[in-house]
Each structure stands twice: as structure tokens, then as C-alpha cells.
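The block underneath contains the structure these notes are about, expressed in C-alpha cells.
Lettering of chains follows the sequences in order, A, B, ..., and the numbering in each one begins at 1.
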Amino acid sequence: MQKGGFNFDLYQRNVELIEKNNYKVPKTTKTGTTIVGVVFSDGVVLGADTRATSGPIVADPNCEKIHKISDYIWCAGAGTAADTENTTGMISLQLELLSLSTGRSPRVRTALTLLKNFLFRYHGYISAALVLGGVDFTGPHLHMIHPHGSTSTLPYISMGSGSLAAMAVLETGYNSKMGEEDAKSLVHQAILSGILNDLGSGGNVDLCVIKHKSMEFFRNVDTTNSKRKFRKKLPYMFKSGSTKILEKEIEEKMRKMEIVNEKESQIEELEEL
Amino acid sequence: MAGKNCVAIAGDTRFGVRNQTVALDSNRIFKINNRTLFGMTGLNTDILTLRESFKFQMNLYNLEEEREISPKTFAHNVAQTLYSKRFGPYFITPIIAGLEGEDYTPFLCATDLIGAMEFPKSFVVAGTGEESLMGVCETFYKENMEPDELFEVISQCLLAAVDRDALSGWGSVVHVLTKDGITTKRLRTRKD
């Protein structure tokens, strides 16, 4: 059984396969993405699109990019899908254990340091660009974390391939005295701008509003982009038997055995002796 | 592909090295337990290695937990195994199909080579012909198909996509999993 950390056993073989044999490597799922975070008077709003791509193909039209780090600390992730999932999962685990051992509710700054140190150790090879937002007892916080491990603390952030489109909306609409509804609407518009203008972003809009001891997750708030408008009314029908079969094998599920009769004669024999 | 309380996995059976066909009967779809089917495409040596590795893990799970693994848990297990080799991955694209829970709700999961999971409700595709498969499944898929219709639809999708992919073909196998068991059918494909 292996110990913790990554396993590099197959690395050498893979290098030879790619260079000498020109092996066509399967594509990783990336989240092209537009992710956005905004601080408002009472808390933080995080937003993300829902498209995951594999090269030019949309692998998942409705994936979840806003991950839970703890109850009131959430993180939106862009980059390689497996990396964002596993990094946020790992830090969520560490934060839970830390909060249990210290007996205190976790701080956003702790999550930030854990993420930053983890990503820096791998010098950018773990491709996870994150927008970390949450409310702890010190107030609302919003941070951006780059894959190499650098961080920034800002009142409004956008990351991912659609970050330029989203930032344009944020720069126009942001003001430091926003309330919850204004902030939600601004984030919504910023994500929508990313979905419409950036090819790597698409699908629906997800929003996450975090306030003191309260969190609301709006999954698929805006689905105008994903409803297929022109769908053929009559679906294709394949009649039973239209595919020719060469061989057929049926494996029936084994039913649990029921005990019908229990014989007690063996026990009586032992007692006689 | 998912239907009404049933799922189906279909795959071709060609094993080749670039343009040369080496075997016509390589099976890449495996039964994990009565509720879970697991298929892989990609580098054959990794498929065989992972087949043995998961067989071992599942045997251990059955002995320790004294119950069968649910498809969702198995999918997470696959993702974790693949991510542990993040830098130096297995070159495979796995698909997990199963029936989850007491109501036998269909469960589908596909991951990329490093374990990024997705859980669509309709269909998952993988392999050298995945782009063609994506297109044809998107067209023919309907919701709530009964097992017979599901078999017809998934077979036609596979046959259509295999015809457009030079590296696939030479026989195919379709497994349909319902709460009563697994029906396996072999189809004739083009032998070129």
C-alpha cells in the first residue's frame, strides 16, 4: 500500500511513450471557465459558469465549479478539473481536522495559506487557479490564488479564460457600498458576459452568497444558454430487432439463498457423547 | 447510456497497435458486481493493470465491508486511483455505469485520465471515436427508455460511430444491466 503524496512510477514509461512512440495522450478535462468573486457590505458572492471542456469538445455542460472548503468558506476553481477538485477536497479535509483540533471555527486566511503552500510546492504543475471567498468571525474575505502559489486580496476578482470579459463588467458596475441584491446581480452579469464572449465558458450560471453564519447556493440560476431551442419533435424510433445479433448471453442476478429447513440432529448427537 | 432503471455499455473488441490489428476479441468492459459495469479505453497494458488492481480492491472491499460496492463509491475509487498518478498517469478513459440504491436509479460516470469525474444523466462516451459517438448519441438518445429500446439505440450509436473511425471495429459487445441481471449481446461490425 502506498504512503501519501503522488506516485511517479509511470512517469518514465510515459515520457518514452510520448517521445519515441508518438502516443496520442488522452485529453484532460479543463474548466475553461469564468469565475468571479465580489465583496459586498455583509459578505461575499461567488459566481461560476458550468462548462468543462476536453480539447474543443464540451465534456460536461453542467459541472459544479464552486467547491465547499467549509460551511462558510467556498472556493471556485479554474484550470484542470481533476486538480481543482482534488486540491479543494484536500484542503477542505485539512481545514476540518484543524478546526476540530483547535476547537475554533476555521478562518478564510487559514484556507488561503494551506492552498498557497500546497500549490507552491508543486511549482504550478498542479494547474488550479482559485477564487476563495468566505465569512469568518473577522468578517468577509475574498482572495485569488494562482497555480504557482501567489495570492492577492481584492474586493472583486475574476479568473479563468473568461476573466477579461467578466472584469470589464466588474470594473463598470462595482462600488464599495453594494448590498446583497446588487452584488448578486453584478456577479450574474459578469458570468453571463464570460459565457457569451469567451469560448471556453458556457452553460449555466452558479451563484453562492455567503454572509455571517449563512450560505445560500443558487445552482443553475440562469439556464437561458443551455436550453436547446430547435429540437426535432418526433424522436428517432428504433424498432425492436433492428440490430442484428450474433450471440446472446443472459446472466441472471443470483438470488439470496433462503433457509427453508434447519436440522438440529447434529447438536443432539454431540450432547449424547 | 441510461434508460429507465437500466443502463447499457457498448464497446468494440478490436485491439491494435497503431494501424495493425493484433486481436479481435479484446474485452474492455468488466463486471464489478451485479450493479456495476466498468469499461476502459486507451493503452491496453494500463487497462489490464487497472483491471487486476480494481479486482483486488473490490475483493478486499467485499471481505471488509461484507457488502457489495455501490457504483458511486466505485467511481470515486477509480478517480482517486487515477489522480494518485497525476504526474505520470495511466493512459485510459474509464466509464462506470450502474444502478444505484433501492430504486435502481441509473448511474453514469466518466472520468478523464487523471480522475476528473462527471455525472451526466444521459450518456457517456470514450475512445478513439468519441467525437463521432458524442454526436450520434446526442441525436438518438431519449429519456426513460426501456431495456429493449435502450439496447437498440446504444447499438445503433456504436455501429454508426465505429463505421466512421478507422481504429475501431472488428466486432462489438453490448451489455444491458437491469435489476434482473445483465444481458450480453455481440454484434457484427465492419471488418475493415
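For the pair B:Y61/B:I32, no side-chain contact is recorded, criterion being any heavy-atom separation below 4.5 Å from C-beta on. By the 4.5 Å heavy-atom criterion applied to side chains, B:T81 and B:Q57 are counted as neighbours. Between B:V125 and B:C137, the closest side-chain pair of non-hydrogen atoms falls below 4.5 Å. Between B:L113 and B:F91 the shortest side-chain heavy-atom distance falls below 4.5 Å. By the 4.5 Å heavy-atom criterion applied to side chains, A:V36 and A:V131 are not counted as neighbours. For the pair B:C157/B:M1, a side-chain contact is recorded, criterion being any heavy-atom separation below 4.5 Å from C-beta on. Annotation: side chain of B:R186 is in contact with side chain of B:T13 (closest heavy-atom distance under 4.5 Å).
In this structure, the portion of A:L17 lying under 4.5 Å from any heavy atom of chain B is its side chain and not its backbone. For A:K27, the parts sitting under 4.5 Å from any heavy atom of chain B are the backbone and the side chain alike. Both the backbone and the side chain of B:E118 come within less than 4.5 Å of a heavy atom in chain A. Of the two parts of A:D83, the backbone and the side chain both hold a non-hydrogen atom closer than 4.5 Å to a non-hydrogen atom of chain B. Contacts between B:Y90 and chain A at a heavy-atom distance below 4.5 Å involve backbone atoms as well as side-chain atoms. Contact of B:E138 with chain A is made through backbone and side chain together, with heavy-atom distances under 4.5 Å. Only the side chain of A:I57 has a heavy atom closer than 4.5 Å to any heavy atom of chain B.
Counting heavy-atom pairs closer than 4.5 Å to chain A, the top residue among B:K185, B:R188, B:K142, B:E130 is B:K185. Counting heavy-atom pairs closer than 4.5 Å to chain A, the top residue among B:T139, B:D148, B:V124 is B:T139. The candidate with the highest count of non-hydrogen atom pairs below 4.5 Å against chain A, out of B:M134, B:H175, B:R18, B:M117, is B:R18. Ranking A:F8, A:Y122, A:Y23, A:Y11 against chain B, the residue ahead of the rest is A:Y23, based on heavy-atom pairs under 4.5 Å. Between chain A and the options B:A126, B:A79, B:P89, heavy-atom pairs under 4.5 Å are most frequent for B:P89. Here A:N86 is the residue among A:I126, A:N86, A:V15, A:D9 with the most heavy-atom pairs under 4.5 Å with chain B.
Identified by a heavy-atom distance below 4.5 Å to chain A, the contributing residues of residues 39-54 of chain B are B:G42, B:L43, B:T45, B:D46, in residue-number order.
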TODO: Assess whether side chain to side chain contact (heavy atoms under 4.5 Å, CB included) is satisfied between B:K121 and B:F119, documenting all intermediate values.
DONE: CA-CA 7 Å; B:K121 300 270 178 259; B:F119 306 102; 5.7 Å; no
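B:S26 and B:R28 share a side-chain donor-acceptor pair at under 3.5 Å. Residues B:E68 and B:N34 bring no donor and acceptor atom of their side chains to less than 3.5 Å of each other. Between B:S84 and A:N7, the side chains place no donor N or O within less than 3.5 Å of an acceptor N or O (distance only, hydrogens not considered). Side chain to side chain, A:R219 and A:N62 meet the donor-acceptor criterion of an N or O pair below 3.5 Å.
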